[in-house]
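For reference, the structure discussed in these notes is given below.
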Amino acid sequence: MNSREQRAQPAAPVAAAIDGTWQGTVGFDVPVPIVLHIGHTGGELSIVADFPLLRSAGIPVREASFADATLRFVTRSLGDYAGGLSVDGERIDGVFTKEDKRYPLLLRRGGLERLVPNRPQTPQPPFGYAVEPVHVDNAAAGCRLAGTLTLPGTGAPRAVVLLITGSGAMDRDETVFGHKPFWVLADHLSRRGYAVLRLDDRGVGESSGDRSAILPQDEVDDMAAALDFLHTRDDLHGLPIGLVAHSMGGVIGMTLAASRADVAFLVTMGSPGAALGVAFAEREVDAMRAAGADTDAIARHGEFTQALYRELAQRTVDAPIDAAQIAALAAQSGAGRQGPTHSEEWIARFNQPWFRGACRLDPADILGRVAVPLLAINGSLDVQALAKPNLAAIGDALAAAGRTDFQTIELPGLNHLFQTCKTGAVYEYPAIEETFAPLALETIRIWLDARFPSR
């Protein structure tokens, strides 16, 4: 054994001192549980993170090191962590540092017990209204959509509501982090006299169909088939039928309302009012502004983001964009900040057919052809579809088209899911027990009641 090998020999117990599973809670405004799996492979430290409430697991941690009884690693979203190992080797006490903010994290050995989030608003029987499983056929697409129709327990319905989910593969309840906002909304409205239809998206849950190359227009066609189905129901004959849509589903609802004379009203919730590139640029520069970036850097990044989305809108689906091309666009505007647009996850999203199709949609153009009563609501703390610019864009487009029966409302203290929150950040969603703020539920119900008196 040479002298170098002799010096390296004590490294094994030092490595073993940190290896294993560790759990703790990041001290955000809303605490976020975390599990770290720490080990050594070929002498290299490896850390993989799980976020149980976020339903996210197996995330590799970058730039990890353990020396002088101090664990250090870097994350893109949480910042840089430094924590000291206790003398007994059972605790790591440290903090995440991101810009000028510090978030404590005390780690202890062992994994977390299975977390079952409390969702007190999820409806429980007896419901007080009829619940009927239904199927909607889109013959042209060769798919069948499964869903649930809820009908008032007594009396004729005031009106019929078709719920439209946001982007991504969503079930009929728009389930996310154990929350079921569309079930809560359907329950609220059906208890107050409305028939409500909610559907699993194409290729999701009990619905058939292929989602691999789905486009926004395919979602419009599915919702058009749902409207046709509602007209076949004798118990709903002659009733006004309208749309209540969340997030990007609002653009699907706008498109349907602009093309169908049988749509009686439209409610958008957290939906964009500007073209996707503009909306995403506003979202990113708002995050930079909140982080204290300088004005020039914010302007350059906004210019780059809008240029990127213009490029995506112009490209055909079979012309993928890659990291080098995105970096070249960033260089042209002088934007050097590495943000979501540079991550592998986002680049993969940029190349999805649905996303490319969405980049070509401009809500302002669509809204000019929408003549039905419209309510647009956004939470003031929505970080995914900023309230002020998107509500203003919706209002401006309708006013320019000469519409008068519309209302835009910014609801204080609510996030993109319309939960009462502290910051609006996505990491809060699963930690908040509330699924749908009563303020938002009642805002929709009161607006509808003013137009559709009880029968």
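Note that this is a predicted model, so its numbers are computed, not measured.
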What salt bridge (Lys or Arg N to Asp or Glu O under 4.0 Å) pairs are there with at least one residue in residues 133-150, not counting sequence neighbours?
Asp137-Arg144
Pairs flagged by salt bridge (Lys or Arg N to Asp or Glu O under 4.0 Å) wherever residues 259-282 is involved - sequence neighbours left out:
Asp228-Arg260, Arg260-Asp262
Tell me which pairs pass ring-ring contact (aromatic ring centres under 6.0 Å, His included) where either residue lies in residues 364-403, with sequence neighbours left out.
none
Residues pairing under ring-ring contact (aromatic ring centres under 6.0 Å, His included) where one sits in residues 386-409, two or more places apart or in two chains, turn out to be none
Scan the side chains in residues 248-255 for donor-acceptor partners under 3.5 Å anywhere in the protein, sequence neighbours excluded, and list what turns up.
{"from": "Thr255", "atom 1": "OG1", "to": "Val251", "atom 2": "O", "distance (Å)": "2.8"}

Taking only residues two or more places apart in sequence, or in another chain, which ones meet [X] in a ring-ring contact (aromatic ring centres under 6.0 Å, His included)?
X      : value
Phe229 : none
His179 : none
Phe96  : Phe73, Tyr81

If the condition is salt bridge (charged side-chain N to carboxylate O under 4.0 Å, His left out), which residues does Asp382 pass it with, not counting sequence neighbours?
none
Acceptor/donor pairs from residues 349-357 side chains to any protein atom, 3.5 angstrom cut, sequence neighbours excluded:
{"from": "Asn351", "atom 1": "OD1", "to": "Ile321", "atom 2": "N", "distance (Å)": "2.8"}
{"from": "Asn351", "atom 1": "OD1", "to": "Arg356", "atom 2": "NH2", "distance (Å)": "2.9"}
{"from": "Asn351", "atom 1": "ND2", "to": "Ile321", "atom 2": "O", "distance (Å)": "3.0"}
{"from": "Asn351", "atom 1": "ND2", "to": "Ile347", "atom 2": "O", "distance (Å)": "3.2"}
{"from": "Trp354", "atom 1": "NE1", "to": "Glu219", "atom 2": "OE1", "distance (Å)": "2.8"}
{"from": "Arg356", "atom 1": "NE", "to": "Phe350", "atom 2": "O", "distance (Å)": "2.8"}
{"from": "Arg356", "atom 1": "NH1", "to": "Thr316", "atom 2": "O", "distance (Å)": "2.7"}
{"from": "Arg356", "atom 1": "NH1", "to": "Ala319", "atom 2": "O", "distance (Å)": "3.3"}
{"from": "Arg356", "atom 1": "NH2", "to": "Ala319", "atom 2": "O", "distance (Å)": "3.0"}

With Asp173, which residues qualify under side-chain hydrogen bond (donor to acceptor under 3.5 Å, both in side chains), at least two apart?
Arg198
Show me the donor-acceptor pairs within less than 3.5 Å that the side chains of residues 323-335 make with the rest of the protein, sequence neighbours left out.
{"from": "Gln325", "atom 1": "OE1", "to": "Asp322", "atom 2": "N", "distance (Å)": "2.9"}
{"from": "Ser333", "atom 1": "OG", "to": "Ala330", "atom 2": "O", "distance (Å)": "3.1"}

